Every structure is written in C-alpha cells, then in structure tokens.
Amino acid sequence: MAEQLSVPRHIAIVMDGNGRWASKRYMPRIAGHKQGVDALKRIVSACPSRNIEILTVFAFSSENWSRPVEEVSALMDILAMALSREVPKLKRDGVRLRFVGAREGLSERTKAGLEQAEAATADNSGLSLNVCFNYGGRWDIASAAARLATAGTPITEASLSSALSMAFCADPDLLIRTGNEMRLSNFLLWQSAYSELYFSDLLWPDFDEAALDAVLLAYASRERRFGKTSDQVSGNSAATT
Ligand code: FPP
C-alpha cells in the first residue's frame, strides 16, 4: 500500500515578488500584481485536490499604505476587479472567502466589495480562503489585547488566542514565503508559532501547482515536535521516560 504523506490542513502564503517579476520584464509593477492574481487562482484551484482545507494569503499589509499612492490605488482596483470576476466561480466551487484585517481606513467601495464577497460565499463549506487585507500581526495582537482589556477579561494565552482575527480557524501548519526573502513581515505572528516555514526563491507570479507540490513534499519530510523530543513525537516510550 502506498505510504500516506502528511498534508498540511492549513497553508499560509506571503505572496512576494510581484514587483520584481514585472521589473525583470520591463513592465510596470502593477503588471506583476495582475499576474499575482493568476497565481493565486491556480493555487486556490489546486488546494482541494491536495486535501488542503484552509488557505490564508497576505494580499495587503498594514505597511503597504506607504507604497506610492498609484500602486496602492492600483492594488485596490485589482482587488475590486478580481472580486467581481472571481466571486461567482468561488461560489460555484464551494470556496468560503473571508477577509481578515482592519476595515477602518478602507474606502466605502472596498468595504462593500469585501462584505458582498463574504456574504456570497458564506454558505460554502469547501476550501476556506482567508485573504489578509489591511492586516498586520502586531495590529491583530494589539487590537485583541485592547478588546480584552476594555471588557475587563484577564489576558491569557487562551483568551488572547480566541480574540484574534483568525480565531475561527486552526493555526497554519505550513507558512510559505515566495520571492527569496526570509522574514515574516508582520504576517500571522501569533498563529505561526509552530508553523513549518518554507522559503521559495520563485517570484509569486511564477509559483504554480508543481511548485506547491514540491513544498508539500518537503513538508511531509519534516518532523513537527511542538516543543517535544523526537522520541516523544514518534511514540518511542523507552526514550520518553
Ligand atoms: C508583494 O510583492 C505583493 C503584494 C504587496 C501584493 C500581493 C497581491 C497579489 C498577489 C494580488 C492579489 C491581490 C489581491 C488584492 C486579491 P511585492 O510587490 O512586494 O514584490 P517585490 O518584492 O518584488 O517588489
């Protein structure tokens, strides 16, 4: 019988390298972001057949507001366009779309787009797709702590965890960053405590199903110990005593 490879239930991705992909082709950065949407579509379609249940992507960080105003505005337009084109298909494919991040600071048009997309897919029970938009890990932790403090709730690991914006789902098993950069950039700081990290030197628009499969193969060979010893994890009782 073929050996069952361990599959991450939840994958999180920092989709980095759109700008460099475009610059290498003497194209405007925005062209890279547009190709980035195509890469995202490929990976969303690939997840169910690989038994991945939750996909969380970093689409716009709290820090991305400091990019040139034309790029910020183009990213907002790309989001609006992607939603109007893709939500009907996501709905048909059973994908449940959620946006994670601060709504304050977004235009009324953007907020309405996010709300409509979430409502349209709210009854779906297939792949959970979380798009982190106007999101930062520090924002998430600080706002959760502030809410608990206002409510007079003691701040513990459990209470803070359940006040975070991703409390509705399990933590990521695997966090991938493309674009040959090795940092988290304020993404899922709390939730990635025990995630396996994988850094790919592919630029995000070049990331495809084969690249995903290569990462999944690497993940299957990792041993997740969650602070325990290797013997404890493998159930070698002689060594755990
Ligand atoms: C990082 O690449 C990418 C982003 C800041 C935007 C990610 C957005 C997409 C993949 C498109 C999907 C977006 C929406 C809104 C659904 P970078 O621009 O930092 O690339 P660089 O490091 O090469 O400059």
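Just follow the structure's listing: the first ligand is 1, and inside any ligand the first atom is 1. Side chains are part of it too, since the values below use all heavy atoms of this structure and drop only hydrogens, waters and symmetry mates. For clarity, every value in this text was computed on a predicted model and none was experimentally measured. Numbering starts at 1 and runs along the sequence shown.
Residues that satisfy the side chain to side chain donor-acceptor pair (under 3.5 Å) test with Ser159, not counting sequence neighbours, are Thr156. Residues meeting the side chain to side chain donor-acceptor pair (under 3.5 Å) test with Trp204, sequence neighbours left out: none. In this structure Lys41 satisfies the side chain to side chain contact (heavy atoms under 4.5 Å, CB included) test together with Val37, Asp38, Glu86, sequence neighbours excluded.
No donor-acceptor pair closer than 3.5 Å links the side chain of Asp171 to the backbone N or O of Ser192.
Val100 has its side chain out of reach of Val131: every pair of non-hydrogen atoms, C-beta onward, lies at least 4.5 Å apart.
Within 4.0 Å of ligand 1, the residues that place a heavy atom are Met15, Asp16, Gly17, Asn18, Gly19, Arg20, Arg29, His33, Gly36, Val37, Ala59, Asn64, Arg67, Leu79, Phe133, Trp204, listed by chain and number.
At a threshold of 4.0 Å, the pair Asp16-Arg177 counts as salt-bridged, since one of the basic side-chain nitrogens sits closer than that to a carboxylate oxygen.
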